[in-house]
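Working notes, structure below.
By convention in this document, chain letters (A, B, ...) are assigned in the order of the sequence lines, proteins followed by strands, and residues within each chain are numbered from 1.
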2 protein chains.
Amino acid sequence: MSDDDWIPPPVLVAVDLVIFTLRDSVLQVLLVERGIEPFRGAWALPGGFLADDREDVLAAAHRELKEEADLDASRLHLEQLGAYGKPDRDPRGRVLSVAYLAIAPGLPEPRAGTDAAHATWTPVPDILDGRVRLAFDHHEIFGDGLEWARSKLERSALATAFCRETFTINELQQVYEAVWGLGLDSRNFYRKVQAAEGFIVPVGAERREGRGRPARLFKAGDRTTINPPLVRPAAEAREGKS
Amino acid sequence: MSDDDWIPPPVLVAVDLVIFTLRDSVLQVLLVERGIEPFRGAWALPGGFLADDREDVLAAAHRELKEEADLDASRLHLEQLGAYGKPDRDPRGRVLSVAYLAIAPGLPEPRAGTDAAHATWTPVPDILDGRVRLAFDHHEIFGDGLEWARSKLERSALATAFCRETFTINELQQVYEAVWGLGLDSRNFYRKVQAAEGFIVPVGAERREGRGRPARLFKAGDRTTINPPLVRPAAEAREGKS
DNA sequence: TCAAAAGTGTTAGTGATACACCCATGG
DNA sequence: CCATGGGTGTATCACTAACACTTTTGA
């Protein structure tokens, strides 16, 4: 903090959100189509400015989450990715953006009549292979968010946030496979998640869908960190399990 | 980004720095004593506001680093910890601070005549056990910085940033021990750091100081991530190595 | 009775820890 | 020649990937 009485320059503060969900076993991120310049017609992460100078930054993220994706705070993870403050990142002026990552269980298509009317879920692979380009520095924020989620899956119980109240181990595995972008051995996965104490707890019931033996149902445990961790493979093996 | 033409509230943006160094094999952090209210006489992290509305946030961190610790950008790591933006974190008004972590090799006592004249290196243990209290939310920032450094030591070549141009493996081990706050087996450490390809490269020379066999000298390699990682023990063992 | 999905057992390989041991140097 | 720190060899243990195998269901 400066000790003299010179007045520092004010800056506009915004929040941007990287909201991930899982739909049809594919990792998807929420994007909005910009209606005005700059970047009119381009895709961007949802976000917005602080509502007033008393609003907490995290609270602003929650408010935008509600406005843009109609998601309230229950069953939700919200984590700060960091601040993005390059002077030229917004051609309209000096804007510093604090980015947050949100994880949500499978969501329906955004509904008309809300702020999220022009928002759509976009498959993460479409962004990774360049088929969808993002405005501002949002590609960088998106990339940071994806890497954050991928690495957090290893040592935290984050994956259960993608699931509904109860879920099968196979559903949980599909979360890991979708976020990490690779295939896992279902039998080893089965034991690993159960060995992590407090990660998931059996709920007693079973679920039957189509053929095959019914799967036991689980719910998220109370621990937020899992031990031992589920470490993702370094770099090999795609698809083709068993 | 908001699509209407309402004017969002401006916020003052500051940077705060968690600057770690190693002195006498003890991890130390740079603190300044506040000369004005609020928190007059208390200890705080060095930092300051953006110089003008064109200054990059990272550039401001570099500038403060130069002003407060007389450190230029060479042989230096600077990483963003995140944004701290609670509305009441600064009693003077709305200030959002972007925190950075800096790592520096052993530094002399800050010199008089610079902005850092009233700054001092403070042992990290003194803060951890509550003997030194910090102003604002700086204890939280400090804690985040310490945990960041501890975990980054596992998979990145960060530790070499604490060392001088050339160093012995024992000096590198002292970095790990000081940051992690525990003792390591020197013989296993010796092999582990050399097994990590591109982490350190031998420089051919040796160093002799006092009795004992001379140690080979190394310099930092070109890789920034190390593989396999040096994982810190979960929770046991203090001091007493070998 | 067959295919498919859930769940179990077993083994070979990998890597880490602990520690015995040898090497080189200064006093 | 001995204390001290540098450096090497190796047994033991834990953990994991791979995969054969059994169980339970729907068609």
* How do A/Ile169 and A/Gly212 order along DNA chain C: which one's closest nucleotide is nearer the 5' end? -> A/Gly212
* **B/Arg187 side-chain proximity, nearest of C/dC23, D/dT16, C/dC21** => C/dC21
* Structure fact -> Between CZ of B/Phe189 and C1' of D/dG5 the distance, given in whole Å, is 16 Å
* What's the OH-P distance between A/Tyr190 and D/dC21, to the nearest Å? -> 20 Å
* Structure fact -> To the nearest angstrom, the CD-C1' distance between A/Gln194 and C/dT8 comes to 11 Å
* **A/Leu184 CG to D/dT16 C1', straight-line distance once rounded to whole Å** => 14 Å
* Asked: How many Å lie between CG on A/Asn188 and C1' on C/dG7, as a whole number?
  -> 12 Å
* To do: Rounded to the nearest angstrom, tell me the gap between atom CZ in B/Phe218 and atom P in D/dG6.
  => 12 Å
* Would you kindly give the CD-to-C1' distance between B/Glu171 and D/dG5, to the nearest whole Å? => 13 Å
* OP1 or OP2 of C/dT17 sitting under 4.0 Å from any side-chain N/O of B/Lys192? -> yes
* **Side chain B/Glu147, main chain B/Asp144, donor-acceptor under 3.5 Å** => no
* Return the nearest nucleotide to the side chain of B/Pro214; candidates are C/dG7, C/dC19, C/dA24. => C/dA24
* Structure fact -> Between A/Pro229 and B/Arg213, the residue closer to the 5' end of DNA chain D by nearest nucleotide is B/Arg213
* Length of the line joining A/Asp185:CG and C/dT8:P, which is rounded to integer Å -> 14 Å
* Could you tell me whether the side chain of A/Arg191 has a donor or acceptor atom within less than 3.5 Å of a complementary atom in the base of C/dG9? => yes
Between the protein and nucleotides 11-14 of chain D, are there any N/O to N/O pairs under 3.5 Å, and if so, what are the atom names and distances?
none

* Asked: Looking only at side-chain N and O atoms, does A/Asn170 come under 4.0 Å of OP1 or OP2 in C/dA5?
  -> no
* To do: Give one of base, sugar-phosphate or nothing for A/Arg216, where a contact means two heavy atoms less than 4.0 Å apart.
  => sugar-phosphate
* To do: Give me the ring orientation class for B/Tyr176 and B/Trp180: parallel if the planes are under 30° apart, tilted from 30 to 60°, perpendicular past 60°.
  => perpendicular
* Without swapping roles, check the side chain of A/Glu154 against the backbone of A/Arg232 for a donor-acceptor pair under 3.5 Å. => yes
